[in-house]
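Below, each value reflects all heavy atoms present in this structure, side chains not excepted, and no hydrogens, waters or symmetry copies. Source: prediction; values computed, not measured.
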Amino acid sequence: MPTAAPDNPIIQMHMRFDENKLLVMLFGEHDRNIAQIEHTLGVMISSRGNELEISGPSESVRLAEIVLNELYGLLKQGHAVNSSEIDGAIRMAGARTSGGKIANVSTPRAPAEPIQTRKRSVAPRSPRQADYIDALRNHELVFGLGPAGTGKTYLAVAVAVSMYLTGQVDRIILSRPAVEAGERLGFLPGDIKEKVDPYLRPLYDALNDMMPTDSVLKRLESGEIEIAPLAFMRGRTLSNAIVILDEAQNTTPVQIKMFLTRLGEQSRMVVTGDLSQVDLPPGSRSGLAEAVEILESMKGAAFIRFTNEDVVRNPLVTRIVRAYEKREKRVRASAGVGDRT
């Protein structure tokens, strides 16, 4: 039986579900979905027919109830439930876990409306992702900042596809700086498309997750969807479009200013980047860092800062990000001590 603090007493709660077939899917093969919820929230879940009993610390039981209802609702809508969906439901319920114990609990928020695309429905898997989706839908300029694996680019592409499919914009324009190529781009084999495609591949991958491949190819040919290096944006005015600049930490101040000033009528811009992974030459100033400093208080712009708690890839990615952050803190602390002596 789970243990709890005096102010978080052990309780039992009963839940009833209407459809036994969906309940089997909720439990998962060999009850693995229920086992994940039990381990993460520190509760025990047992079943009899179409009824469940949850026992554990009161706060954990309350969160488990929210998670189970959310997952059951997804099944009723025809969505599959897997480990990632369970993790997302727990995050959205306000749980922050460490070794199966709740480390921090916030008030659960109403779930954001999922993003509808041709191939899938994309739902936020953390409160910050929900804030990000809201910002993407309601602001002309959005900065998504934070570590890898937090959904910055994926969610931006999902919203772009949704807006395009519903006629809110006429075009989707995706861009990245090809920093690693630099002046050596001409030495790579192939035409210009073949030279830069490796740097743009993550954008193609995200698009193909949202739309059938033949549909993506057709729209790439027509120009309704455009994927291009940042240098190709110079001198253009981008109207009636949603424009995404990915890996913006690798822009120079001149480049990002050029990009931001391309914004035309009835358009939106999204700028994503991780300021801890700048690949510019040593001593170069990141344009993203400068833009954040200059524009953060500007009306009409939204800034969403993700942390390692928002990483939604393999759990190992979260641990990798945390390990690097700890090392960077130690390095900065050591440098600080050295400066003072």
* Asked: With distance as the sole criterion, is a donor-acceptor pair present between the side chains of Ser83 and Gln36 under 3.5 Å?
  -> yes

* Over all heavy atoms of both residues, which pair between Pro124 and Ala130 is shortest? Give the atoms and the distance, please. => CB-N, 3.6 Å

* **Under-4.0 Å salt bridge between Glu247 and Arg176** => yes

* Is the backbone N or O of Thr150 less than 3.5 Å from a side-chain atom of Gln129, with the two atoms forming a donor-acceptor pair by type? -> yes

* To do: Of all the heavy-atom pairs spanning Ile54 and Met15, show the shortest one and how long it is.
  => CD1-SD, 3.5 Å

* Do Arg137 and Ile115 come within less than 4.5 Å of each other through their side chains, counting heavy atoms only? -> yes

* **Under the salt bridge (Lys or Arg N to Asp or Glu O under 4.0 Å) test, residues paired with Arg48 that sit two or more places apart** => none

* Asked: Which residue pairs pass the ring pair (Phe, Tyr, Trp, His ring centres under 6.0 Å) test with at least one member in residues 113-164, sequence neighbours excluded?
  -> Tyr132-Phe306, Phe143-Phe303

* Test Arg171 against Glu224 for salt bridge (Lys or Arg N to Asp or Glu O under 4.0 Å), laying out the working first. => CA-CA 5 Å; Arg171 294 184 295 162; Glu224 293 171 75; over 6 Å; no

* To do: For Ile86 and Ile90, run side-chain contact (heavy atoms from CB on, under 4.5 Å): C-alpha distance rounded to whole Å, both residues' side-chain angles, the deciding distance at 0.1 Å, then the answer.
  => CA-CA 6 Å; Ile86 294 168; Ile90 291 172; 4.0 Å; yes

* Asked: What pair of heavy atoms forms the shortest contact from Leu141 to Met298, and how long is it?
  -> CD2-CE, 4.0 Å

* Tell me, do Met210 and Val122 make a side-chain contact under 4.5 Å, heavy atoms counted? -> yes

* Might you point out which heavy atoms bring Ile304 and Arg128 nearest each other, and give the distance in Å? => CG2-O, 3.9 Å

